[in-house]
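Reckoned from all heavy atoms, side chains included, excluding hydrogens, waters and symmetry mates.
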Amino acid sequence: MYMSTDEIRRAFLEFFESKGHQIVPSSSLVPANDPTLLFTNAGMNQFKDTFLGAEKRAYTRATSAQRCVRAGGKHNDLENVGFTARHHTFFEMLGNFSFGDYFKEDAIKYAWEFLTDVLKLPKEKLMVTVYETDDEAFAIWNEQMGIPADRIVRIGDNKGAPYASDNFWQMGDTGPCGPCTEIFFDHGEHIWGGPPGSPEEDGDRFIEIWNNVFMQFNRQADGTMEPLPKPSVDTGMGIERIAAIMQGVHSNYEIDIFQTLIKETADVIGYEDLSNQSLRVVADHIRSCAYLIVDGVMPSNEGRGYVLRRIIRRAVRHGNKLGAQGAFFHKLVGPLAAIMGTAGEELKKQQALVEKVLKIEEENFGRTLDRGMQILNDSLEAMDGKVLDGETVFKLYDTYGFPADLTNDVARERGLSIDEEGFESAMEAQRQRAREAGQFGVDYSNVIKVDEPSEFTGYGSTSGQGSITAIYVDGAQTETLATADEAVIIMDQTPFYAESGGQCGDTGFLTTPQGKFAVHDTQKFGNGIGHKGKLVDGTLSTGERADAEVDAERRQATKLNHSATHLLHEALRQVLGEHVAQKGSLVRAENLRFDFSHLEAVKPEELRRVEDIVNDHIRINHSIDTEIMDIDAAKEKGAMALFGEKYDDQVRVLTMGDFSIELCGGTHASRTGDIGLFKMVSESGIAAGVRRIEAVTGQVALDSFYHQQNDFDQKAAESQTKVKSLEKEIQLLKEKLAAQESAGLINKVQDINGVKVLISELNGADNKALRTMVDDLKNQMGSGVVLLGNVANDKVGLIAGVTKDLTGKVKAGELVNMVAQQVGGKGGGRPDMAQAGGTDVSALPAAVASAADWLAERL
């Protein structure tokens, strides 16, 4: 029974909806809050937190048709795409999921019912695998579903470790895991290959079409498998594989979607042989590229954007092989949206954007493709061996935009390979150069020169509007920005402050009806204000009006730090002398840095005075006023100029009460009290005669105090722990000394009515050690009575011990109490051990001596 791919998708979702499953739309190809994944690569990705118990959903059964990409990171099929029957960069995974609801029996029944009743697949064409020890799944297949035992294959641990099996799924080294059961389709004897588990299993005759994962255990770090309280189900069936079966073909590239895209590609390029593998590459790549752009990924030189760029350029190169003239790749977006059916709705809504991004990227690459291919061909022809050197691979990447895997594709077509280690080494050297050059890798200030001035409107506001007057990418001007490359946007007016006077440039967003641009920094380029950053959505074009929104919180923190530098400057002059002059500064949201002329380290007491002065003037809460005047008038007023700044005839004068007057074009607080708190972090020398102070203000300063308090508390706790440890050591030493002293006391044992009795006075022994001493004496005596009196810290300590064979005649508690009453105390305890205290030290000798007569009456 023939079914289109779209019909299969709808049938699958409707079937599981009829079984009580919630149809959940495909999630984005960019995983939400999951840094472990480059792209969504399985249907369960969006349910990961639900399976882990970290997220609660309103349903316990779900079904989805999830779009997936495997073209980077751990799951990278890119090099195989177009050369095998079933490798793709983009694919759809049909899945049904149970979150602690149904388990093995229902999951198996649903899969079998859908395949045999809905899709009408011949039962004799299907066979299954189970994990070797999963007798439960085996019994369900055999006894309930009627699958003969010879068509159920047990797959064991064949990878050298417990549970290391194709039929045992694990989320990671620890966490949810469990056995799998897979369903295979037999494509027929005319195709080479054997059933799963056989030596010929890698052939193409038996193809896995459905995998049911039974999350049954929680694997511990020690390898222990703890049963999950609510076992769950995670299944997946690749729509391309099942479509091939339903459409009576063997290769995925023969199904309706790919046949349409291959034909459209051939028509666009003007190529007639529909069996060419390059057509398959292009047909596959348009799916991943289009849907990545739909989900917000833009071509760039890093991360997800670089993977997208690699795929685009690989497609363009294969089109070029077929004789493509001019941009062609973007023309496939419309046909793709149409053939994807219900899965193409989002693409249809963003078709114009996707086409624009692909066209610009393709044209940019097209300008260098011919020259790059010429150099690559020359290099391959000039090779002596079979491996193209890494430096050439890097040159092709760096100069002509050839990703290494694209170069490898060309080399592989000629039976050659590339030096991947050499390429990575050259890449790392470039990354290091980029890190040293700064955030954007390249300083465009000497490349981009803007004559038309930009008006700064941000002294009183962090939002505004302006027109985009120019766009620069890699220093070159362009009319439209449609990729996530680093770019510079020039506007005629803006509330974004451009870095100058030591104050860092603002960050925030520029937004138009067509796109959104994240501003990571703002700088001056000639007379223009340039917003440096990356496109995060849509496109931007020159002439468009843009809403400009500065990160207000960051700006506010920067303003406080900037105003604090003015107070610090004057405070230093008052404490250290008039010779102090500013030699540089850095003002940003996190902290401030102030460099000044001074010949020696600032003494701690001087730093404290400077800090006190600044905080005094913060509490005074001076008004911070600005006025524009000519430079001569400003100097006459006493305004200090900032180091390294150039000033026009008209200057901006900043006044803080009667304390500070400086020329400054930066942004500032309204009153000094807004600063809240000023706290120095460090003072150091950076050059001969130049010192540097780093400080924080506002909440960051308060956090610094909290941090110091936490450090103090931690150190106090550590000290307390150490004291207790030392006290324990001292006590052990005292007990050891007591044991040694008891060895001498044994010589004082006397006989009273045939019983060994030891009565003695001590001086200065540790009362806590007396118990150890008595135990030791009793052990040495074997049978007897011990009474010890001790004076320590002007207090009497008494202890009595009686061996268990004598407690019927003498009880230690009675003995010690009798003596204690004579020294102003009382006591008691067990029959074999008792302690007491007293206050009359002078009465101790007579009290201890009375014990002999008391014992004689009882023994």
For this session: Would you indicate whether the side-chain heavy atoms of Lys637 and Met629 approach each other to under 4.5 Å?
Result: yes

For this session: Report yes or no: does Ser27 contribute a side-chain atom to a donor-acceptor pair with the main-chain N or O of Gln46 at less than 3.5 Å?
Result: no

For residues 673-683, tabulate all N or O donor-acceptor pairs below 3.5 Å that involve a side-chain atom, not counting sequence neighbours.
{"unit_1": "Asp674", "atom_1": "OD2", "unit_2": "Ser670", "atom_2": "N", "d": "3.3"}
{"unit_1": "Asp674", "atom_1": "OD2", "unit_2": "Arg671", "atom_2": "N", "d": "3.2"}
{"unit_1": "Glu683", "atom_1": "OE1", "unit_2": "Arg691", "atom_2": "NH2", "d": "3.1"}
{"unit_1": "Glu683", "atom_1": "OE2", "unit_2": "Arg691", "atom_2": "NE", "d": "2.7"}
{"unit_1": "Glu683", "atom_1": "OE2", "unit_2": "Arg691", "atom_2": "NH2", "d": "3.2"}

Exercise. Looking only at heavy atoms, which two atoms of Met298 and Thr483 are closest? And how far apart?
Worked result: CB-C, 3.8 Å

Seminar exercise, completed: So NZ of Lys356 and OG1 of Thr480: to nearest 0.5 Å the spacing works out to 4.5 Å

For this session: Check for a donor-acceptor pair, side chain of Thr40 on one end and backbone N or O of Ser28 on the other, with a separation under 3.5 Å.
Result: yes

Exercise. Of the non-hydrogen atoms in His598 and Val602, which two are nearest, and what is the gap between them?
Worked result: CD2-CG2, 4.1 Å

Problem set entry | Arg545 side-chain N/O to Thr512 backbone N/O, donor-acceptor pair under 3.5 Å | no

For this session: Rounded to the nearest 0.5 Å, what's the gap from CG on Asn615 to CD1 on Ile620? Could you check?
Result: 11.0 Å

Problem set entry | From Thr626 atom OG1 to Arg652 atom CZ, the distance as rounded to the nearest 0.5 Å | 4.5 Å

Problem set entry | ring-ring contact (aromatic ring centres under 6.0 Å, His included) assessment of Phe99 paired with Phe51 | CA-CA 6 Å; Phe99 313 118; Phe51 281 123; 5.1 Å; yes

Exercise. Is there side-chain contact between His566 and Met656, with at least one heavy-atom pair below 4.5 Å?
Worked result: yes

Exercise. Counting distance only, does the side-chain N/O of Thr462 pair as donor-acceptor with the main-chain N or O of Val550 below 3.5 Å?
Worked result: no

Exercise. Can you check side-chain contact (heavy atoms from CB on, under 4.5 Å) on Thr667 and Tyr459, steps first, answer last?
Worked result: CA-CA 6 Å; Thr667 60; Tyr459 282 123; 4.2 Å; yes

Exercise. Can you check whether Gln465's main-chain N or O pairs, donor with acceptor, with Gln493's side chain at less than 3.5 Å?
Worked result: yes

Exercise. Given the rule in the side-chain contact (heavy atoms from CB on, under 4.5 Å) test, do Leu607 and Ile693 qualify, once you have shown the distances and angles that lead to the verdict?
Worked result: CA-CA 10 Å; Leu607 289 173; Ile693 285 176; 4.1 Å; yes

Problem set entry | Closest approach of Gly530 to Val488 (non-hydrogen atoms, all atoms of both residues) | CA-CG1, 3.9 Å

Exercise. Can any side-chain N or O of Asn561 pair as donor or acceptor with the backbone N or O of Arg588 at less than 3.5 Å?
Worked result: yes

For this session: Go through the steps for Asn710 and Gln714 under the test side chain to side chain donor-acceptor pair (under 3.5 Å), then give the verdict.
Result: CA-CA 6 Å; Asn710 289 338; Gln714 183 177 349; over 6 Å; no

Problem set entry | Ion pair Lys532/Asp521, N-O distance below 4.0 Å | no

Exercise. Are side-chain heavy atoms of His569 and Ser660 found at a separation under 4.5 Å?
Worked result: no

For this session: Starting at CG of Leu592, measure out to CG of Leu560 and round the result to the nearest 0.5 Å.
Result: 10.5 Å

Problem set entry | Over 12 non-hydrogen atoms of neighbours within 6.0 angstrom of CD in Glu553 | no

Problem set entry | Val297 and Leu29, any side-chain heavy atoms less than 4.5 Å apart | no

For this session: Find out whether Leu654 and Ile661 are in side-chain contact, i.e. whether some heavy atom of one side chain is under 4.5 Å from a heavy atom of the other.
Result: no

Problem set entry | Inter-residue atom distance Leu481.CG - Tyr472.OH, 0.5 Å rounding | 14.0 Å

For this session: Answer whether the closest heavy-atom distance between the side chains of Asp485 and Arg309 falls below 4.5 Å.
Result: yes

Problem set entry | Backbone of His668 reached by a side-chain donor or acceptor of His562 within 3.5 Å | no

For this session: Under the side-chain contact (heavy atoms from CB on, under 4.5 Å) rule, what do Phe594 and Leu572 come out as? Steps first, then yes or no, please.
Result: CA-CA 11 Å; Phe594 189 81; Leu572 285 167; 3.8 Å; yes

For this session: Give a yes or no answer on whether the side chain of Asp492 reaches the backbone of Ser467 with a donor-acceptor pair at less than 3.5 Å.
Result: yes

For this session: For residues Thr511 and Glu549, determine if any side-chain heavy atom of one lies less than 4.5 Å from a side-chain heavy atom of the other.
Result: no

Exercise. Salt bridge or not for Arg555 and Asp551, using N-O below 4.0 Å?
Worked result: no

Problem set entry | Heavy-atom closest pair, residues Leu510 and Ala548 | CD2-CB, 3.7 Å

For this session: Look at the rings of His622 and Phe659 and say which category their plane angle falls in: under 30° parallel, 30 to 60° tilted, over 60° perpendicular.
Result: parallel

Exercise. Counting only heavy atoms not in Asn793, do more than 12 fall under 6.0 Å of its CG?
Worked result: no

Exercise. When rounded to the nearest 0.5 angstrom, what is the spacing between CZ in Arg609 and CD1 in Ile613?
Worked result: 6.5 Å

Exercise. Should Ile293 and Gln350 be marked as a side-chain contact (heavy atoms from CB on, under 4.5 Å) after you check the CA-CA gap, both sets of side-chain angles, and the distance that decides it?
Worked result: CA-CA 9 Å; Ile293 295 170; Gln350 300 190 53; 5.9 Å; no

For this session: Please confirm whether the backbone N or O of Arg554 pairs with a side-chain atom of Thr558, one donor and one acceptor, at under 3.5 Å?
Result: yes

Problem set entry | Donor-acceptor contact present, side-chain Arg573 to main-chain Glu578, <3.5 Å | yes

For this session: Salt-bridge test for Arg619 and Asp616: reply yes if a basic N is under 4.0 Å from a carboxylate O, no otherwise.
Result: yes

Exercise. More than 12 heavy atoms of other residues, nucleotides or ligands under 6.0 Å from CD of Glu718: is that the case?
Worked result: yes

Problem set entry | Minimum-distance pair of heavy atoms, taken over all atoms of Val24 and Arg57 | CG1-NH1, 4.3 Å

Ignoring hydrogens and angles, write down the donor-acceptor pairs under 3.5 Å from the side chains of residues 450-458, residues two or more places apart or on other chains.
{"unit_1": "Ser454", "atom_1": "OG", "unit_2": "Met491", "atom_2": "O", "d": "2.6"}
{"unit_1": "Ser454", "atom_1": "OG", "unit_2": "Ile529", "atom_2": "N", "d": "2.9"}
{"unit_1": "Thr457", "atom_1": "OG1", "unit_2": "Thr494", "atom_2": "O", "d": "3.2"}

Problem set entry | Over all atoms of both residues, closest heavy-atom pair of Ala487 and Phe517 | O-CZ, 3.7 Å

